[in-house]
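For reference, the structure is listed below as structure tokens.
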Amino acid sequence: MTKRYWYVILTYVLMQLSGYPVLYALMKMNVFSTRSELVTANIYWTIISFILALIITLLLLRPDMNMRKKYNWSKLITWAILGVFMALLAQGIASNIETNVFGVNPESENTQNIMRLVEVVPLLIAVVSIIGPILEEVVFRKIIFGSLYGRSNFFIAAIISSFIFALVHQDFSHLLVYMAMGLTFAFLYVKTSSILVPIFAHVSMNTFVVMMQYVFKDDIEKYIEQQEKLQQIFGGFQL
């Protein structure tokens, strides 16, 4: 692994941990008068830190960006679109296994926490949908998986990198779901030899989840209420 890759990983780790010392210092300065102000400040720092991390990462990876390289764009676009459905399918299968085999609650605490923060500062959507997935694909697929794949086979590299990817999300009851996503993105990376494809699939999947959880939240809740009312009306009938 080259030095610049280690610097990218270090940037990612520092970004993840940077909120603690920054907020601690501000608390010591008595900047916040309420807990809501502290939460809002934390969200804005998350946005700033992710943007800074993305800029630093792109600068570090400039040697990897071969603008003259010719891509089979029709192949990349096809796999990018197909990859979105593959990721959603893999997530769905893993979620069903967790629920029906292990009895895990299908709702993700990590996702719900993120969506609560999005409701406070909608700008966080840019991090959740775009910046976060780009950084994760660079770190976990291009660097960690890519380095392991160069020394072992696909399955070992994909499982190890996907497990680390799952652990970082700190949603331990849904490790299988995150690993399934990681395995899918690793497959797309190897299949196309381009990090752009898993990035597109990851960004699209996260955007879809955010749209369903945030933009169409009220419509979904109304639909669920209507279904529950219909169940109450017709639930007593027997066939």
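- Shown are F140, Y5, F154; of these, the ring pair (Phe, Tyr, Trp, His ring centres under 6.0 Å) with F145 is made only by F154.
- Each of T46, L38, V39 was evaluated against N42; a single residue qualifies, T46, per the side-chain contact (heavy atoms from CB on, under 4.5 Å) test.
- Looking at S204, its side chain never comes within 3.5 Å of a backbone N or O of A201 through a donor-acceptor pair.
- The closest side-chain heavy-atom distance from Q170 to E109 is not below 4.5 Å.
- In this structure the side chain of L135 reaches within 4.5 angstrom of the side chain of M15, judged on heavy atoms.
- Residues W45 and S18 share a closest heavy-atom pair of NE1-OG, 2.9 Å.
- Here the CD1 atom belonging to I131 is positioned 12.5 Å from the CD1 atom belonging to I125, to the nearest 0.5 angstrom.
- L58 contributes atom CG, which lies 7.5 Å from atom CD1 of I134 (distance to the nearest 0.5 angstrom).
- In this view, F187 and W79 satisfy the ring pair (Phe, Tyr, Trp, His ring centres under 6.0 Å) rule, not counting sequence neighbours.
- One finds the CG atom of D171 at 3.5 Å from the OG atom of S108 (value rounded to the nearest 0.5 Å).
- Residue V177 comes nearest to A94 through the heavy atom pair CA-CB, 3.7 Å, listed as atom of the first residue, atom of the second, then distance.
- Residues meeting the side-chain contact (heavy atoms from CB on, under 4.5 Å) test with L76, sequence neighbours left out: Y71, W73, T192, S194, V197.
- If you chain together hydrophobic residues whose side chains sit under 4.5 Å apart, L14 and L167 never meet in one group.
- Of the inter-residue distances, the one linking T78 atom OG1 with N72 atom CG reads 8.5 Å to the nearest 0.5 angstrom.
- When hydrophobic clusters are built by joining Ile, Leu, Val, Met, Phe, Trp and Tyr residues whose side-chain heavy atoms come closer than 4.5 Å, directly or via intermediates, V120 is grouped together with L123.
- Inter-residue side-chain proximity for Y44 and T40 is flagged as met; some heavy-atom pair is nearer than 4.5 Å.
- Counting heavy-atom neighbours within 6.0 Å of F172 CZ, excluding the residue itself, gives a total above 12.
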(request) In sequence, state the C-alpha distance, the side-chain angles, and the governing distance for F185 and F200, and then conclude on ring-ring contact (aromatic ring centres under 6.0 Å, His included). (result) CA-CA 10 Å; F185 297 142; F200 177 86; over 10 Å; no
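- Here the closest heavy-atom approach between residue V127 and residue I47 is recorded as CG2-CA, 3.8 Å.
- The hydrophobic cluster containing L54 also contains M65, counting ILVMFWY residues as joined when their side-chain heavy atoms lie under 4.5 angstrom apart, directly or transitively.
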(request) Could you please spell out the steps behind the ring-ring contact (aromatic ring centres under 6.0 Å, His included) verdict for F155 and Y149? (result) CA-CA 9 Å; F155 293 102; Y149 185 50; over 10 Å; no
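- Contact annotation: the side chain of I199 never approaches that of E136 to less than 4.5 Å [non-hydrogen atoms, C-beta and beyond].
- Residues H169 and F165 place their aromatic rings such that the two centres sit under 6.0 Å apart.
- Inter-residue side-chain proximity for R141 and I195 is flagged as met; some heavy-atom pair is nearer than 4.5 Å.
- The CG atom of L176 sits 9.0 Å away from atom OG of S95, with the distance rounded to the nearest 0.5 Å.
- A single hydrophobic cluster is not seen to contain both I159 and V190; linkage of ILVMFWY side chains at heavy-atom distances under 4.5 Å, directly or through other members, places them apart.
- Atoms CG and CD1, on L60 and I55 in that order, are 12.0 Å from each other to the nearest 0.5 Å.
- Residues E137 and K142 fail the side-chain proximity criterion, which asks for heavy atoms closer than 4.5 Å.
- Side-chain atoms of R62 and L59, non-hydrogen and from C-beta on, do get closer than 4.5 Å to each other.
- L89 and L183 fall into different hydrophobic clusters, where Ile, Leu, Val, Met, Phe, Trp and Tyr side chains are chained together by heavy-atom contacts under 4.5 Å.
- Side-chain contact between M205 and M181 is present, with heavy atoms from C-beta onward closer than 4.5 Å.
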